[in-house]
Number of protein chains: 2
Amino acid sequence: MSVLAEASRQKASSLSDLEVESIEMFINFLRLLGWPKSVGEIYGLLFVSAGPLAMGEIMARTGMSLGAASQGLKLLREFGAVRTVYMPGARKDHYVASGELSRFATSYIEEELLPRMRTAQERIKRMEKMMQSLPESGGQLPAERIDRLKYWLDKGQKVVPWLVKFLKL
Amino acid sequence: MSVLAEASRQKASSLSDLEVESIEMFINFLRLLGWPKSVGEIYGLLFVSAGPLAMGEIMARTGMSLGAASQGLKLLREFGAVRTVYMPGARKDHYVASGELSRFATSYIEEELLPRMRTAQERIKRMEKMMQSLPESGGQLPAERIDRLKYWLDKGQKVVPWLVKFLKL
DNA sequence: CGAATCTTTCAATAACAAATGAAAAATCCA
DNA sequence: TGGATTTTTCATTTGTTATTGAAAGATTCG
């Protein structure tokens with residue numbers, strides 16, 4: 001067996017079935033939020049880890065590169081999905097997954113969804129003005145659509161806080 | 001002015017301010033669902049259109065290619081976000097946007113979110129089995145995490161139908 | 001300090017996804 | 001039916017995002 005093939009075999013076998021399940025699951029979920037695979041790998045591994053892991057261990061177990069591990073951990077730290085723990089006598093940072101899964105959902109809502117809804121509401125105001133200053137009937141249909149959109153956005157903005165609260169619970 | 005520059009100027013000026021607002025808004029929202037820009041362009045244009053539009057008109061107004069228009073319309077049709085209307089004496093298909101914006105949200109939930117949640121629940125079952133057949137304490141922490149995940153997924157599955165109902169309202 | 005260790009950054013590359021447009025397929029009248 | 005029109009498909013090109021790894025930057029410890 002070639003050195004390379006051996007290395008890749010090693011890589012695969014260094015993950016338990018449990019870890020593989022967890023990693024695949026989080027890759028799938030985090031893809032919904034538009035996050036790269038490497039982030040799912042890191043979080044999935046940490047999620048079922050019995051103890052804190054250093055970056056080097058994460059790299060070794062998953063086979064990802066230095067840069068991917070560093071950047072992925074940075075992102076996860078920023079979102080509060082992962083944190084470092086103090087390990088007496090250890091030089092390397094050690095990471096554990098936050099168990100609060102709601103963080104992913106709520107950060108998506110707050111950082112992606114809500115800003116877009118707010119932008120959309122400003123757009124709608126502008127669109128309504130444009131409709132008024134249009135030569136007579138700029139169209140009955142568009143006007144109704146815009147009304148509907150406004151209504152729907154209002155409703156959305158109302159349900160979001162409730163949803164966030166529910167998820168955090 | 002070069003022929004190309006002229007063409008691109010034409011392209012831009014053939015959209016009203018209203019249409020541009022609408023298009024940009026839907027590009028932004030549909031990106032959340034992982035849909036390509038061209039789809040947002042088509043839907044945004046149709047959304048504020050006073051009447052049905054044929055594919056050729058959509059291409060001409062937005063400047064997108066034949067293939068992109070055809071595929072985008074196909075996708076939107078499949079999701080029920082757009083439909084053809086009968087136009088007496090017209091050969092080309094003519095499209096209108098469905099005003100039901102909830103379709104986007106509900107189809108995302110039903111086609112993306114729920115399937116993943118179901119897969120995750122199967123994974124969790126397997127993971128629980130693995131934990132049991134692990135040498136004594138495969139870890140207190142992982143076991144708790146898996147419990148928590150199960151709890152969270154259950155909760156998610158419960159809130160989703162409610163949310164869908166609310167959105168459709 | 002200063003050498004060793006660990007982490008971040010970022011330019012280059014690889015992997016992936018979207019857009020294009022020519023060719024094929026389907027549809028429609030005369 | 002047959003020619004013209006319209007739509008779909010799909011191989012290729014283009015554009016975007018993720019990953020890599022070397023170099024720079026921090027940090028820690030003796």
Side-chain angles (χ1 to χ4, degrees), chain A residues 4 7-8 11 23 26-46 52-79 82-96 112, chain B residues 4 7-8 11 23 26-46 52-79 82-96 112:
Chain A
L4 271 178
S8 95
K11 191 191 292 181
I23 287 171
F26 282 104
I27 287 176
N28 276 337
F29 271 122
L30 297 191
R31 176 166 306 163
L32 280 185
L33 318 188
W35 288 14
K37 194 178 71 161
S38 57
V39 174
E41 286 178 88
I42 297 172
Y43 189 83
L45 178 59
L46 287 172
L53 295 180
M55 196 174 85
E57 299 175 272
I58 293 169
M59 286 166 57
R61 308 287 302 286
T62 63
M64 82 179 56
S65 71
L66 190 65
S70 175
Q71 296 197 148
L73 284 168
K74 185 184 174 189
L75 187 67
L76 286 165
R77 245 166 21 228
E78 286 168 359
F79 277 87
V82 135
R83 68 189 163 79
T84 55
V85 291
Y86 171 63
M87 304 238 80
R91 189 151 170 190
K92 300 178 186 177
D93 286 337
H94 283 69
Y95 292 93
V96 293
E112 304 284 342
Chain B
L4 272 177
S8 95
K11 193 191 290 180
I23 288 172
F26 282 103
I27 287 176
N28 275 337
F29 271 121
L30 298 190
R31 175 166 306 161
L32 280 184
L33 317 188
W35 288 13
K37 194 179 70 161
S38 57
V39 175
E41 286 178 88
I42 296 172
Y43 189 84
L45 179 59
L46 286 173
L53 295 180
M55 196 175 84
E57 300 176 272
I58 293 168
M59 287 165 57
R61 307 289 302 285
T62 63
M64 81 178 56
S65 71
L66 191 66
S70 175
Q71 296 197 147
L73 283 167
K74 185 185 175 189
L75 188 68
L76 286 165
R77 247 165 20 228
E78 285 168 0
F79 277 88
V82 136
R83 67 187 163 81
T84 56
V85 291
Y86 171 64
M87 302 237 80
R91 190 151 172 191
K92 300 179 185 176
D93 286 337
H94 283 69
Y95 293 91
V96 293
E112 303 284 342

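These numbers come from a predicted model, not from an experiment. Letters A, B, ... are given to chains in the order of the sequence lines, protein chains preceding strands, and every chain is numbered from 1.
A side-chain contact (heavy atoms from CB on, under 4.5 Å) with Y95(B) is found for one member of L45(B), T84(B), L53(B) and no other, namely T84(B). Of the candidates I42(B), I27(B), N28(B), K37(B) forms a side-chain contact (heavy atoms from CB on, under 4.5 Å) with just one, namely I27(B).
For DNA chain D, the contact window with chain B, defined by any atom under 4.0 Å from a protein heavy atom, covers dA4(D) to dC10(D) in 5' to 3' order.
A 6.0 Å sphere centred on CZ of R83(B) holds no more than 12 heavy atoms belonging to other residues, nucleotides or ligands.
Both A90(A) and S70(B) sit near DNA chain D, but only S70(B) has its closest nucleotide nearer the 5' end.
In this structure the side chain of D93(B) never reaches within 4.5 angstrom of the side chain of M55(B), judged on heavy atoms. With contacts defined as side-chain heavy-atom distances shorter than 4.5 Å, the pair L76(A)/V39(A) qualifies. Residues W35(B) and F79(B) have side chains in contact (heavy-atom distance under 4.5 Å, counting atoms from C-beta outward).
Within the 3.5 Å criterion, the main-chain N or O of I58(A) finds a donor-acceptor partner in the side chain of T62(A).
Atoms CG (L75(A)) and P (dT9(C)) sit 13 Å apart, rounded to a whole Å. The distance from atom CD of E78(A) to atom P of dT7(C) is 17 Å, rounded to the nearest whole Å.
Residue-level contact check: R31(A) touches neither bases nor backbone, having no heavy atom under 4.0 Å from any strand.
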Contact pattern, 5' to 3', of nucleotides 17-28 of chain C - B, S or - by protein heavy atom under 4.0 Å: -SSBBB----BB
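Closest approach of H94(A) and P52(A) over heavy atoms only: CB-CB, 3.7 Å.
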